[in-house]
Amino acid sequence: EAQVTQNPRYLITVTGKKLTVTCSQNMNHEYMSWYRQDPGLGLRQIYYSMNVEVTDKGDVPEGYKVSRKEKRNFPLILESPSPNQTSLYFCASSNGRSNTEAFFGQGTRLTVV
Amino acid sequence: DAKTTQPPSMDCAEGRAANLPCNHSTISGNEYVYWYRQIHSQGPQYIIHGLKNNETNEMASLIITEDRKSSTLILPHATLRDTAVYYCIVKGQGGSEKLVFGKGTKLTVNP
C-alpha cells in the first residue's frame, strides 16, 4: 500500500530539547516536503527536497533543519524547539513530475512547553 | 498567497450531491486545478485534478469552466464520511511542487 509514514504521531517536549520527526515513503518518490498547520494560518511549507541530497527552504524554515540522505526518508529536525513551534506537522511526497498527486502522512502533533 | 477563493462553509444532506465551487480567475494556461480534502486533523487527501477538460474518478467529478476561471467539485452522493475541509489549489508544471493551501471550504454532510 502506498503510504507516507510519520513518527511520532504525538510528542510533548520541553523548550530547547532537540527532536527529530521521521518521515518515510514507500513509493520511490523524488519530491518530499514538510508542512505545518496552525489555526487561522492554514498549511505552510517548511522545507522541501527534490531528490537525494537536494533540499531547499519553503515559506517558514526558521528553526528547522532537514536532511535527505536516502530517497525514502526525509526527517525534520528541531535543534532547539520553542513554544512557537507547537503545531501539527505533515510530511508529503510526490514523484516530482507535474500533473501528479501528493501523498500526505497522518501528521505529528507537537507541543513544546 | 493562495490563488483560489472558496466559500468558507457549506452544508449538504446525506445522499445528495455536494457541489463545491472555487474561483481561480488568475490561473495561467499551464496551471492545473487540484482538489484535496482534510478530514478532521488527518493528512490532506488527494481527490482529483484537471487542466481544462472535465474529469471524473471514483471519488468525484471536476467541472472546469471554459475560461478556466472557476471550477466545481462534485461529490455525487455525499455521505457523513465526506464531512471535511475541501481545498482547491492551483499548481503549475515544474517548479517546487509546493501546494499553496488557502482556507478551503468546510463541508458538513447532515443526516
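Values reported hereafter were calculated over all heavy atoms of this structure, with side chains retained and with hydrogens, waters and symmetry mates removed. Convention: sequence-line order gives letters A, B, ...; per-chain numbering from 1.
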Quick check on [X]: does its [atom1] atom have over 12 non-hydrogen neighbours (other residues, nucleotides or ligands) under 6.0 Å away?
X       : atom1 : answer
B:Arg16 : CZ    : no
A:Lys71 : NZ    : yes
A:Ile12 : CD1   : no

*Side chain, backbone, both or neither: which part of B:Gln38 has a non-hydrogen atom closer than 4.5 Å to chain A?*
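Contact with chain A is through the side chain of B:Gln38 alone.
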*Could you look at B:Leu99 and say if it's the side chain, the backbone, both or neither that has a heavy atom under 4.5 Å from chain A?*
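For B:Leu99, backbone and side chain are both near chain A.
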Proximity breakdown for [X] and chain B, heavy-atom pairs closer than 4.5 Å:
X       : answer
A:Tyr35 : side chain
A:Leu88 : side chain
A:Gln6  : neither
A:Asp59 : side chain
A:Ser33 : neither
A:Arg44 : neither

*asked:* Angle between ring planes, A:Tyr89 versus A:Tyr64, binned at 30° and 60°: parallel, tilted or perpendicular?
replied: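 Answer is perpendicular, since the angle exceeds 60°.
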*Inspect the contact between B:Glu66 and B:Lys52 and indicate whether a charged nitrogen and a carboxylate oxygen are less than 4.0 angstrom apart.*
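Salt bridge between B:Lys52 and B:Glu66, a charged N being under 4.0 Å from a carboxylate O: no.
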*asked:* Whether B:Glu31 and B:Lys3 form a salt bridge (side-chain N of Lys/Arg under 4.0 Å from carboxylate O of Asp/Glu) is what I want to check.
replied: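 B:Glu31 and B:Lys3: salt-bridged.
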